Amino acid sequence: MTPRSRPALVGGLAVGITVAVIAAAGTWWRSAADSSGCPRTLARSAPSTLDEASWLIAECGGQGVQARLRGAPLTDLVSYRNRDLPPAVWFVPTSLLYRQLSEVGFEFADDMSFAVLAAAWHRTRGLPFDAKATADCLRAWNRKMRLWIESVPPGSSVPAPEFGCATPEEIDKGRHLWPKE
């Protein structure tokens, strides 16, 4: 063996070990934290459907989130939303979840976030969640808000639309108030 090949061998071995350690750390980071199947962090997960996303929130959202899902009314839960729950990275336009929710009819990431939390709330209670009706309602609500904003003089407060989209009862009660396409 020549003196030059020994440093090359050691260097190659060091690089190989470093790559193996980084790969193992990446696998550990993306893997489930325990037998529940929950990822170590929700932001690293990549749900592709509303059903997967609601399962992740309901089952992996932490004890505080799970307590709110079980105990709070839906209207309180959705007002509790923040940038971290559901993770904003779920709603980037290149994600599969964004595409699936867009196909259902959701237009904005904030509305998609609302839908994921509402679906998790319904899942926790064993209730059905009508994503299509919620998407239709939120599109109508957003259109109504744009109409209000355009018609109110500058500096005036903008009233909220006279219908809501948080519960099936609100959706059905306000359906006739939705602006036409």
Side-chain angles (χ1 to χ4, degrees), residues 26 29-146 149 160-175 177-179 181:
W29 182 254
R30 289 185 299 275
S31 68
D34 56 28
S35 62
S36 69
C38 291
R40 293 188 188 284
T41 175
L42 288 179
R44 298 296 256 159
S45 60
S48 58
T49 66
L50 178 59
D51 190 51
E52 287 177 26
S54 67
W55 179 85
L56 282 165
I57 295 294
E59 298 298 322
C60 306
Q63 291 178 345
V65 172
Q66 291 175 359
R68 281 188 180 272
L69 286 171
R70 286 188 304 273
L74 180 58
T75 52
D76 290 351
L77 177 71
V78 294
S79 66
Y80 167 73
R81 288 182 298 160
N82 61 45
R83 290 185 307 159
D84 302 324
L85 190 69
V89 71
W90 288 3
F91 308 109
V92 296
T94 56
S95 77
L96 294 174
L97 179 60
Y98 180 94
R99 288 185 208 150
Q100 192 256 338
L101 291 171
S102 294
E103 289 170 7
V104 172
F106 292 97
E107 295 175 310
F108 304 107
D110 192 49
D111 294 342
M112 294 176 186
S113 173
F114 172 92
V116 168
L117 278 180
W121 185 89
H122 283 82
R123 173 186 286 278
T124 301
R125 289 169 167 67
L127 299 171
F129 177 67
D130 188 348
K132 179 72 173 127
T134 303
D136 291 345
C137 184
L138 287 169
R139 275 196 327 277
W141 195 91
N142 289 326
R143 276 194 308 276
K144 185 73 170 191
M145 279 302 290
R146 280 192 297 270
I149 290 168
E162 57 274 33
F163 61 92
C165 302
T167 65
E169 295 78 22
E170 287 179 358
I171 291 171
D172 288 339
K173 189 168 77 174
R175 199 177 298 264
L177 300 169
W178 297 358
E181 295 285 333

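Heavy atoms only: backbone and side chains are in, while hydrogens, waters and symmetry mates are out. Just so you know, residue 1 is the first one in the sequence shown, and it goes up from there. Since this is a predicted model, take the numbers as computed values, not measurements.
Asp172 pairs by the side chain to side chain contact (heavy atoms under 4.5 Å, CB included) definition with Arg175, not counting sequence neighbours. Partners of Pro168 by side chain to side chain contact (heavy atoms under 4.5 Å, CB included), not counting sequence neighbours, listed by chain and number: His122.
Identified under the salt bridge (charged side-chain N to carboxylate O under 4.0 Å, His left out) test for residues 115-125, with sequence neighbours left out: Asp51-Arg123.
Atom CG in Leu69 sits 7.5 Å away from atom CG in Leu117 (nearest 0.5 Å). Atoms CH2 and CD, on Trp141 and Glu162 in that order, are 11.5 Å from each other to the nearest 0.5 Å. Taking CZ of Phe106 as the reference point, atom NZ of Lys132 lies at 9.5 Å (rounded to 0.5 Å).
By the 4.5 Å heavy-atom criterion applied to side chains, Pro161 and Arg143 are not counted as neighbours. In this structure the side chain of Met112 never reaches within 4.5 angstrom of the side chain of Leu97, judged on heavy atoms. A 4.5 Å side-chain heavy-atom check between Cys137 and Ile171 finds at least one atom pair inside the cut-off. Between Asp110 and Phe91, the closest side-chain pair of non-hydrogen atoms is not below 4.5 Å. Trp178 has its side chain within reach of Asp136: a pair of non-hydrogen atoms, C-beta onward, lies under 4.5 Å apart.
Between the side chain of Glu52 and the backbone N or O of Ser48, at least one donor-acceptor pair lies under 3.5 Å. Asn142 places a side-chain N or O within donor-acceptor distance of the main-chain N or O of Leu138, the cut-off being under 3.5 Å. Under a 3.5 Å cut-off, the side chain of Gln66 and the backbone N or O of Glu59 do form a donor-acceptor pair. With Glu170 contributing its side chain and Phe163 its backbone, the two residues share no donor-acceptor pair below 3.5 Å. Listed for the Arg139 side chain is a donor-acceptor partner under 3.5 Å among the backbone atoms of Gly105. The closest donor-acceptor contact from the side chain of Ser54 to the backbone of Val116 lies at 3.5 Å or more, if one exists at all. Not one N or O on the side chain of Ser113 forms a donor-acceptor pair closer than 3.5 Å with the backbone of Ala109.
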message = Run the side-chain contact (heavy atoms from CB on, under 4.5 Å) test on Ile57 and Trp121 for me, step by step, so that the C-alpha distance in whole Å, both residues' side-chain angles and the decisive distance to 0.1 Å come before the verdict.
response = CA-CA 9 Å; Ile57 295 294; Trp121 185 89; over 6 Å; no
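Contact detail for Asp130 and Thr134: the closest heavy-atom pair is O-OG1, 2.9 Å. The minimum heavy-atom distance linking Leu74 with Ala118 is given by the pair CD1-CA, 3.8 Å. The two residues Ala58 and Thr124 come nearest to each other via the heavy atoms CB-OG1, 3.9 Å.
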